[in-house]
Amino acid sequence: MKEKELRRSQAVLPIGTVMKLTKLSARQIRYYEEQQLVTPKRNEGNRRMYSLNDIDRLLEIKDYLDEGINMAGIKHIYDEKARKQAQKKAQLEKPLTDADVRRILRDEFMSVSGLSKQNEFFFKHNKNF
DNA sequence: TTTCTCACA
DNA sequence: TGTGAGAA
C-alpha cells in the first residue's frame with residue numbers, strides 16, 4: 001500500500017490537466033494555492049505540477065464551496081486534520097508506554113534469571129514436550 | 001502553445 | 001474571480 005501512496009503523491013500533472021479534471025479555472029486553482037489549500041510542486045520552468053492527491057483535495061474544496069463553506073472554514077477543516085495527524089505521528093514515534101517498558105524488563109529478567117529453572121521444572125512435569 | 005506573475009477602464 | 005499583458 002506504500003507504492004500506491006507514492007504514485008498518488010507524484011506531482012506530474014500540469015495546471016491545464018488539473019483544470020479539465022476539476023472543472024476549475026487556472027485562476028481559482030492558483031488562488032487556492034495562495035490560500036495554502038494545495039501545495040503543488042514546481043518543475044524546472046516554474047510550472048506548477050500537481051499530484052493525484054492534489055486533484056482530490058481540489059475536488060474536496062469545490063464540494064465544500066458548494067456546501068457554502070468559505071475559505072476560512074475550509075482552512076480550519078484541513079488544520080484540524082493536520083493537527084490530528086501530527087498527534088497520531090507523535091504517538092507512533094514513542095509507542096513505548098511505561099507499561100510497555102515494565103513488561104519488556106520483566107520478560108528480560110525472566111529470560112536471564114528465572115527461565116532456566118522454570119524450564120527445568122516445566123519439562124520435568126511435561127514429558128510430552 | 002501553455003503557464004507564470006502582476007495588475008485593474 | 002475574471003481578464004489581459006508581457007515574459008519564459
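The chains referred to below are lettered A, B, ... by the order of the sequence lines, with proteins before strands, and numbering in each begins at 1. On a predicted model such as this, the values are computed, not experimentally measured, just so you know.
A/Y50 and A/P14 get closest at one heavy-atom pair: CD1-C, 4.4 Å. Summarising the geometry of A/M49 relative to A/D54, their closest heavy-atom pair is O-OD2, 4.4 Å, with the distance given to 0.1 Å. Smallest separation of non-hydrogen atoms from A/E5 and A/N53: O-ND2, 4.5 Å.
Base pairing in DNA chain C yields stems of at least 3 consecutive Watson-Crick or G-U pairs, both distances under 3.5 Å, namely B:2-8 with C:2-8.
Applying the salt bridge (charged side-chain N to carboxylate O under 4.0 Å, His left out) rule to A/R83 yields the partners A/E80; only residues at least two apart in sequence or on another chain are considered.
From the 5' end on, the contacts that DNA chain C makes with chain A at under 4.0 Å to a non-hydrogen atom open and close at C/dT1 to C/dA8. First and last contacts of DNA chain B with chain A, using any nucleotide atom under 4.0 Å from a protein heavy atom and ordered 5' to 3', fall at B/dT2 to B/dT5.
Between A/R47 and A/S25, the residue anchored closer to the 5' end of DNA chain C is A/S25, taking for each the nucleotide with the nearest heavy atom.
By the 4.0 Å N-to-carboxylate-O rule, A/E33 lies close enough to A/R42 to be salt-bridged with it.
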* Asked: Does the side chain to side chain contact (heavy atoms under 4.5 Å, CB included) test come out yes or no for A/I69 and A/D63, once each step is laid out?
  -> CA-CA 9 Å; A/I69 302 175; A/D63 287 339; over 6 Å; no
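In this structure, the side chains of A/R30 and A/I15 come closer than 4.5 Å at one or more pairs of heavy atoms. Between A/V12 and A/L52 the shortest side-chain heavy-atom distance does not fall below 4.5 Å. Side chains of A/Q28 and A/L58 form no contact here, defined as non-hydrogen atoms less than 4.5 Å apart.
DNA chain C is contacted by A/R27, A/Q28, A/Y32 of residues 26-33 of chain A, taking any non-hydrogen atom closer than 4.0 Å. Near DNA chain C, defined here as any heavy-atom distance below 4.0 Å, there are no residues from residues 58-71 of chain A.
Heavy atoms of A/G16 sit under 4.0 angstrom from primed sugar atoms or phosphate atoms, though from no base atom.
Counting heavy-atom neighbours within 6.0 Å of A/K23 NZ, excluding the residue itself, gives a total of 12 or less. Crowding of A/K81 atom NZ: a count of heavy atoms from other residues, nucleotides or ligands under 6.0 Å exceeding 12.
Although no hydrogens or angles enter the test, the distance criterion places no donor-acceptor pair under 3.5 Å between the side chain of A/T17 and the main chain of A/L13.
Cluster annotation: A/M71 is connected to A/L24 through the hydrophobic network of ILVMFWY side chains, with a link wherever side-chain heavy atoms come within less than 4.5 Å.
Between the CG atom of A/L21 and the CG atom of A/L59 there is a distance of 8.0 Å, given to the nearest 0.5 Å.
Side-chain contact of A/E60 with A/Y78: a donor-acceptor pair under 3.5 Å is present, judged by distance alone.
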